[in-house]
Protein chains: 2
Amino acid sequence: MKEQHSPNLSTDVFSVLKERIIRWEYAPGHRFTEEGLCEEFGVSRSPVREALRMLVENKLVDKTPHKGYSVKQLDMQEIHELYDVRLALETFVIERLTQSEYPEEDWQELYHTWQDLQKTSITNSSDFAKLDEDFHERLARWTGNRTLLDQIRSIDERLHFIRVTDITSTERLRETCEQHLRILDCIRERNVDCAREALQLNIEEGRKNVEHAIKEALARAYMGSKAGA
Amino acid sequence: MKEQHSPNLSTDVFSVLKERIIRWEYAPGHRFTEEGLCEEFGVSRSPVREALRMLVENKLVDKTPHKGYSVKQLDMQEIHELYDVRLALETFVIERLTQSEYPEEDWQELYHTWQDLQKTSITNSSDFAKLDEDFHERLARWTGNRTLLDQIRSIDERLHFIRVTDITSTERLRETCEQHLRILDCIRERNVDCAREALQLNIEEGRKNVEHAIKEALARAYMGSKAGA
DNA sequence: TGCGTCCATATTGTATACAATTTTGTATAC
DNA sequence: GTATACAAAATTGTATACAATATGGACGCA
């Protein structure tokens, strides 16, 4: 069951649970207890507790004392908040990049990875989200601000959980790649306003699609609960 | 020793340790072990471990397996990164506030708290930092974005640890209050550019002072290590 | 003196037993 | 039939014992 042997069991349990949650193998709201996970993983409560604490920190799991843990429910309000924070952080990235000096190679490198990404074949929405996240994280890393990068990654992780419900079409993919290229071009031309606008378009497009996907997911869940009752 | 009885020991230990670190009762680099803290607090390793994990998450403590834990060292790079993130997030706050509708009372309320704060007598740099943080956190709360507020609070906590080394003068205090008022005025006048500029001035002023304070602290630490050797 | 090896020790990682607390089910009185 | 009190079960909170592992120093050897 272990994929890669890691230095401790806590991170093993954490990784597996996180992966399952992100892949929707546990539905939002799904409840589990420390004891139950112990039996499932064949480890004691100590590492399980640590893993759960990490998941709670990552906002993927809610904890209610003496009742148990549960996979975070979809919450439109929170999703919008996350998109706003993402917008705030990435706008700063863009502004910083258009205004600071950097060697031509840096731009070239990012451009080449963009080319590679464009060639990548996308089969599901998780891969598509990964592609988009990867591009934005590369931009952030380019600023050299590690803290900023970490924050963006953290946001991305929480949103990825949502984004896998998004629909994927070759049309969407092509559009997104074009938006990424436009951002890169604006940076090269050192046009702040233009770059900011391009970024905003890209992010808002994502927000809109996710919003749509969530509403459908919630509708399905509602129908499911009616059928089940 | 317990100030307020809390539902569990982990948060007790966490709060006390955090407070001590922020107050510089433990110097940066100070090392402690799980066992040692158990004896000091008279509790077992379970709650101590949880408390330490939380401190590591909050970036106030570093952990090195099989060597122990240590209070985070001052790191100029990281401080600059934090200030940049703070700038990114708060710029968004300002933009959002100047551009969205809100009832007049909201502005009045913030203005009144500003008046109260101005009257507050400041005796040390920690109180001064608290005052400044409080203002900025109120601005963030005003946007209604809970996630954004949490992020800013987290940043503030990490910086507070640094800011307590800052010097405090009545001059600085007056200046800061004026900057705060200017931000408020610009928001009321819905002048985005002006508000952004005012915010930037306020934050960069803080950054500059902290930078100065840190350099002195590092110099002192260096002299101390020489004297000790 | 310098370097490498080995072992004792310190420290965290894990398992398990017990305590405290909340929830939930049930019986009883009204 | 409903509400209340009480008991039992489920669940997390805490303590402790044991295992694994890296560190640092001592010792031997060149």
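Naming: A, B, ... by sequence-line order, numbering from 1 per chain. Since the structure is predicted, the reported quantities are computational estimates derived from the model, not experimental observations.
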TODO: May I ask you to evaluate whether A:T33 reaches the phosphate of D:dA10, defined as a side-chain N or O under 4.0 Å from OP1 or OP2?
DONE: no

TODO: Output yes when at least one side-chain N/O atom of B:K63 is less than 4.0 Å from OP1 or OP2 of C:dG13, else no.
DONE: yes

Open item on the list: Please convert DNA chain C into dot-bracket. A pair counts if it is Watson-Crick or G-U wobble with both distances under 3.5 Å; crossing pairs go in [ ] and bases paired with another strand get |.
Closed with: ||||||||||||||||||||||||||||||

Open item on the list: Below 30° counts as parallel, above 60° as perpendicular, anything between as tilted: where do the rings of B:H136 and B:H180 land?
Closed with: perpendicular

TODO: Measure from NE2 on B:H66 to P on D:dT23 and round the result to the nearest Å.
DONE: 9 Å

Task: Residue pair A:G144 / B:Q77: nearest heavy atoms and the distance that separates them - done: O-NE2, 3.9 Å

TODO: Using atom CZ of A:R53 as one end and atom P of D:dG13 as the other, report the distance to the nearest whole Å.
DONE: 9 Å

Open item on the list: Whole angstroms only, please: what is the CZ-P distance between B:R45 and C:dA10?
Closed with: 15 Å

TODO: Could you state the atom-to-atom distance from OH of B:Y69 to C1' of C:dG13 in whole Å?
DONE: 10 Å

TODO: Using whole Å, report how far CD of B:E50 lies from C1' of D:dT14.
DONE: 10 Å

TODO: Output yes when at least one side-chain N/O atom of A:K67 is less than 4.0 Å from OP1 or OP2 of C:dT21, else no.
DONE: no

Open item on the list: Between A:T147 and A:D150, is there a side-chain donor-acceptor contact under 3.5 Å, judged purely by atom types and distance?
Closed with: no

- [ ] Can you tell me the distance, in whole Å, between the CG atom of B:L9 and the C1' atom of C:dA19?
- [x] 12 Å

Task: Heavy-atom pair of closest approach, residues A:G206 and A:R172 - done: CA-NH2, 4.2 Å

TODO: Could you check if a side-chain atom of B:W24 sits within less than 4.5 angstrom of a side-chain atom of B:V71, using non-hydrogen atoms only?
DONE: no

Open item on the list: At 4.0 Å (heavy atoms only), tell me whether A:S46 reaches a base, stays on the sugar-phosphate, or touches nothing.
Closed with: base

TODO: For A:E35 and C:dA15, give me the distance from atom CD to atom C1', rounded to whole Å.
DONE: 12 Å

Task: 4.5 Å side-chain heavy-atom contact, B:T91 and A:F92 - done: no

- [ ] For A:T64 and for B:P47, find the nucleotide of DNA chain D with the closest heavy atom, then tell me which residue's nucleotide is more 5'.
- [x] A:T64

Open item on the list: Check this for me: does any side-chain nitrogen of one of A:E57 and B:R53 sit under 4.0 Å from a carboxylate oxygen of the other?
Closed with: no

Open item on the list: Can you identify which nucleotide, out of C:dT14, C:dT12, D:dG13, has its nearest atom closest to the A:R49 side chain?
Closed with: D:dG13

- [ ] Take the protein atom CG of B:L37 and the nucleotide atom C1' of D:dA15, then report the distance between them rounded to whole Å.
- [x] 16 Å

